[in-house]
Participant: 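This is the structure I want to talk about, given as structure tokens.
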Amino acid sequence: MMIHSTLSGNKEPFQPIHKNRVNLFVCGPTVYDDSHIGHARTYIAFDVVARYLKYRGFSVFYLQNLTDVDDKIIQRASELGAEPASLARKFEKRYLEDMHNLGVTNVNFYARATEHIPEIISQIERLMEKGFAYETQTGVYFDESRFEDFGKLSHQTAEDLERHRIEPDPTKRNPGDFSLWKKREDKEEVTWDSPWGRGRPGWHIEDTAITETYFGPQYDIHGGAMDLIFPHHEAEIAQMEAASGRKPLVRCWMHTGFLNVKGEKMSKSLGNFVTIRDMLQRYDADSFRFFVLSAHYRSPIDFSEGALEQSRRSLERIRQLVKIIEEQLECSETPETASEALQSEVDIRLAEAKAKFLEFMDNDFNTPYALGAIFELVRDVNRRMNEKTISRKALGDAKNLLGEWEWILGISFSSKGPEPAQKPEDLIGSLIELLIEIRQKLRDKKDWQLADDIRNRMKELNIVLEDAKAGGGKYTIK
RNA sequence: GCCAAGGUGGCGGAGCGGCUACGCAAAUGCCUGCAGAGCAUUACCACUCCGGUUCGAAUCCGGACCUUGGCUCCA
């Protein structure tokens with residue numbers, strides 16, 4: 001199994017530190033607002049990573065932090081006149097709801113920063129003892145010049161890092177030094193006692209304190225989006241490798257590409273963001289997951305309604321097959337077995353499809369190509385059903401294989417009921433049902449002209465009828 | 001300025017030395033009273049540009065150009 005690591009810039013064979021145990025850590029959100037679909041992209045990607053590793057027989061422990069103390073939370077709370085702690089809890093709850101709704105269900109433990117203050121302090125103390133950190137008027141800082149590997153993840157040298165957009169704190173030794181502990185004397189603020197007085201932790205230290213607590217000084221995979229490479233993950237490497245004296249902190253650094261809108265990064269400041277909640281009002285989670293997985297996790301993806309609609313239709317094609325398979329399995333005319341030659345042909349085909357899927361997933365989680373393998377099977381099974389050369393057993397096998405893939409991707413291939421956006425109010429719905437009944441009577445009498453006229457007139461009202469063979473039919477409102 | 005990720009058919013998106021996925025959209029056929037949906041088949045032979053290596057390059061090596069992102073807030 002090959003995974004691309006940002007540190008080396010190459011795909012590397014994946015080998016966990018401890019036999020088949022995989023310790024996976026992904027940076028969680030700062031809970032000061034609702035998450036947007038850019039966050040969702042990253043978390044869906046790592047959900048699939050965790051699922052696939054499990055499927056491959058690894059015992060995965062997936063850990064995520066929750067940044068529940070931070071300047072942004074405090075600022076937002078004061079804007080709203082709320083308590084920072086309760087604001088953080090509220091958005092933490094909403095974040096977990098969002099993840100649940102997206103089928104992101106494989107995180108084993110969410111660790112809150114505020115529940116790891118002693119571990120954070122302990123790590124800073126060790127950095128102080130070893131001379132990697134120093135105290136100033138404003139806080140405790142990591143001395144970047146003492147850690148020679150600084151910049152190795154983002155492939156930058158000390159000189160590259162001389163440039164900066166924000167004027168550095170003049171009390172720091174080097175402009176690149178980052179905060180481990182922020183001193184805050186104000187009684188109104190959220191603070192904890194520390195050897196350096198009241199204050200709160202810097203952003204980077206919470207993650208290494210948390211991963212050290214649950215995984216120790218070294219672990220297997222660390223994930224996050226590209227924007228975290230510098231400075232956040234660089235700082236994590238510096239903190240933990242300096243504190244423990246052991247490297248590497250993680251074997252494999254995985255970073256997801258951005259979700260863009262019209263080629264630009266989705267962000268709050270540009271105002272082009274869509275929250276997960278808003279998106280789920282319009283589209284189902286499975287279509288969104290399909291959209292995310294139809295691009296490689298490291299590639300940027302461009303979000304648009306059209307792209308999501310395309311994903312919905314593509315997924316529909318797989319669902320259609322599952323529906324037909326189920327019908328065929330119930331149909332008494334479907335033969336129990338086929339000739340030996342046909343059966344072995346199908347067996348080979350299924351085994352090939354399965355092997356292909358695994359091969360692509362083993363190659364740095366190439367979900368787009370894995371989806372391609374699914375569609376190849378879909379076409380093949382459809383063809384065999386048309387030719388009526390497929391047996392009940394083969395259909396069952398195909399269904400089972402699709403079931404495995406469903407689980408890995410976290411996408412349901414079973415058709416759902418009507419889409420939420422299409423459900424009309426009761427009265428209108430009843431009237432439409434009534435018209436469908438009347439049309440059916442006309443169709444029974446072969447009064448095609450009037451029946452078609454009703455259908456056309458309804459179409460003008462944006463109500464699209466689709467007649468079923470058996471009679472009746474379904475409708476969609478645009 | 002430095003670092004990173006990219007630039008592939010009408011669109012989305014893989015591939016990363018020869019076999020040129022897959023999906024959407026399209027065309028044709030099957031089905032259907034018709035339409036839609038569904039299914040099958042088909043077409044297009046695309047890789048930012050300029051050099052080079054090679055029997056052979058979208059893929060490797062130089063060199064440009066363009067896009068997006070990071071450079072101490074960020075998934």
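Chain letters run A, B, ... following the sequence lines, proteins first and then strands; every chain starts at 1.
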Participant: With heavy atoms under 4.0 Å as the rule, sort A:Glu309 into base, sugar-phosphate or nothing.
Facilitator: nothing
Participant: Rounded off to whole Å, could you give me the NE2-to-C1' distance for the A:His39 and B:C74 pair?
Facilitator: 7 Å
Participant: Are A:His255 and A:His233 linked by a side-chain donor-acceptor pair shorter than 3.5 Å?
Facilitator: yes
Participant: Using the C1' atoms only, state how far B:A26 lies from B:C19, rounded to an integer number of Å.
Facilitator: 27 Å
Participant: Please report, rounded to the nearest Å, how far the C1' atom of B:G36 is from the CZ atom of A:Arg457.
Facilitator: 20 Å
Participant: Can you name the residues that form a ring pair (Phe, Tyr, Trp, His ring centres under 6.0 Å) with A:Phe14, not counting sequence neighbours?
Facilitator: A:Phe58
Participant: Taking only the P atom of each, what is the distance from B:U53 to B:U72 in whole angstrom?
Facilitator: 44 Å
Participant: Mind calculating the distance between CG (A:Asp70) and P (B:C73) to the nearest angstrom?
Facilitator: 10 Å
Participant: Look at the side chain of A:Asp227 and decide which nucleotide, out of B:A5, B:C74, B:A75, has an atom nearest to it.
Facilitator: B:C74
Participant: Treating primed atoms plus P, OP1 and OP2 as sugar-phosphate and everything else as base, which nucleotides of nucleotides 38-45 of chain B get B, S or - for protein heavy atoms under 4.0 Å?
Facilitator: SSSS----
Participant: Could you go through residues 367-376 of chain A and list every donor-acceptor pair under 3.5 Å that involves a side-chain atom there, pairing it with any protein atom two or more places apart or in another chain?
Facilitator:
unit_1   : atom_1 : unit_2   : atom_2 : d
A:Thr367 : OG1    : A:Leu293 : O      : 2.7
A:Glu376 : OE1    : A:Lys356 : NZ     : 2.7

Participant: Contact class for A:Ile374 vs. all strands (heavy atom < 4.0 Å): base, sugar-phosphate, or nothing?
Facilitator: nothing
Participant: Among residues at least two apart in sequence or on other chains, which ones pass side-chain hydrogen bond (donor to acceptor under 3.5 Å, both in side chains) with A:Asp70?
Facilitator: none
Participant: Could you tell me how far B:G56 sits from B:G17 if I compare only their C1' atoms? Round to whole Å.
Facilitator: 8 Å
Participant: Check this for me: does any side-chain nitrogen of one of A:Asp444 and A:Lys441 sit under 4.0 Å from a carboxylate oxygen of the other?
Facilitator: no
Participant: Checking contacts here: which listed nucleotide (B:C74, B:G33, B:G23) is nearest the side-chain heavy atoms of A:Phe375?
Facilitator: B:G23
Participant: According to the Watson-Crick and G-U wobble definition with distances under 3.5 Å, which dot-bracket string, read 5' to 3', encodes RNA chain B, using [ ] for crossing pairs and | for pairs with another strand?
Facilitator: (((((((..(((.....[...))).(((((.......))))).....(((((..]....))))))))))))....
Participant: Does a side-chain N or O of A:Trp203 approach OP1 or OP2 of B:C74 to a distance below 4.0 Å, or not?
Facilitator: yes
Participant: Can you measure A:Phe290 atom CZ to B:G12 atom C1' for me and round it to whole angstrom units?
Facilitator: 11 Å
Participant: Name all residues meeting the ring pair (Phe, Tyr, Trp, His ring centres under 6.0 Å) criterion together with A:Phe109; count only those two or more places apart in sequence or in a different chain, and write none if there are none.
Facilitator: A:Tyr214
Participant: Starting at atom CD1 of A:Ile454, determine the distance to atom P of B:A35, rounded to an integer number of angstrom.
Facilitator: 19 Å
Participant: Looking across every strand, which nucleic acid part, if any, lies under 4.0 Å from A:Gly224 by heavy atom: base, sugar-phosphate, or nothing?
Facilitator: sugar-phosphate
Participant: When rounded to the nearest Å, what value does the distance between C1' atoms of B:C49 and B:G6 take?
Facilitator: 16 Å
Participant: For B:G38 versus B:C47, give the span between their P atoms, rounded off to a whole number of Å.
Facilitator: 32 Å
Participant: Taking only residues two or more places apart in sequence, or in another chain, which ones meet A:Phe258 in a ring pair (Phe, Tyr, Trp, His ring centres under 6.0 Å)?
Facilitator: none
Participant: Could you say whether A:Gly257 or A:Ala370 is positioned toward the 5' end of RNA chain B, judged by the nucleotide with the nearest heavy atom to each?
Facilitator: A:Ala370
Participant: Of the nucleotides B:C11, B:U72, B:G6, which has the atom closest to the A:Gln310 side chain?
Facilitator: B:C11
Participant: Less than 5.5 Å between centroids and less than 30° between ring planes, does A:Phe258 satisfy that with B:A75?
Facilitator: no
Participant: Quick one: which protein N/O atoms are closer than 3.5 Å to N/O atoms of nucleotides 13-16 of chain B? Pair and distance per line, please.
Facilitator:
unit_1 : atom_1 : unit_2   : atom_2 : d
B:A14  : OP1    : A:His296 : N      : 2.8
B:A14  : OP1    : A:Ser299 : OG     : 2.9
B:A14  : O3'    : A:Asn366 : ND2    : 3.0
B:G15  : OP1    : A:Asn366 : ND2    : 2.8

Participant: How far does the C1' atom of B:C73 sit from the matching atom of B:C65, given to the nearest Å?
Facilitator: 32 Å
Participant: For A:Arg457, what residues pass the side-chain hydrogen bond (donor to acceptor under 3.5 Å, both in side chains) criterion, not counting sequence neighbours?
Facilitator: none
Participant: Determine the Euclidean distance between corresponding P atoms of B:U8 and B:U48; express it in Å to zero decimal places.
Facilitator: 6 Å
Participant: Got a sec, which residues hit side-chain hydrogen bond (donor to acceptor under 3.5 Å, both in side chains) with A:Ser294, two or more places apart in sequence or on another chain?
Facilitator: none
Participant: Charged N to carboxylate O below 4.0 Å: is that the case for A:Lys354 and A:Glu404?
Facilitator: yes
Participant: Of A:Ala225 and A:Asp452, whose nearest nucleotide on RNA chain B comes first from the 5' end?
Facilitator: A:Asp452
Participant: Answer with base, sugar-phosphate or nothing: what part of the nucleic acid does A:Phe291 contact at a heavy-atom distance below 4.0 Å?
Facilitator: nothing
Participant: What interatomic distance, in whole Å, is found between C1' of B:G36 and the corresponding atom of B:C11?
Facilitator: 23 Å
Participant: Would the A:Tyr283 and A:Phe288 ring centres measure less than 6.0 Å apart?
Facilitator: no
Participant: Atom CD1 of A:Ile229 to atom C1' of B:C2: distance rounded to whole Å?
Facilitator: 15 Å
Participant: Could you tell me which residues satisfy side-chain hydrogen bond (donor to acceptor under 3.5 Å, both in side chains) with A:Arg317, sequence neighbours excluded, listed by chain and number?
Facilitator: none
Participant: In this structure, how many angstroms lie between the P atom of B:G6 and the CZ atom of A:Arg298, rounded?
Facilitator: 6 Å
Participant: Whether the A:Asp220 and A:Asn23 side chains hold a donor-acceptor pair (N or O, under 3.5 Å, no angle test) is what I'd like checked.
Facilitator: no
Participant: Listed by chain and number, what are the ring pair (Phe, Tyr, Trp, His ring centres under 6.0 Å) partners of A:Phe91, not counting sequence neighbours?
Facilitator: none
Participant: Just the rounded figure in Å: distance from C1' of B:C24 to CD of A:Glu305.
Facilitator: 16 Å
Participant: Between B:C34, B:G33, B:U72, which nucleotide has the shortest distance from any of its atoms to the side chain of A:Arg455?
Facilitator: B:C34
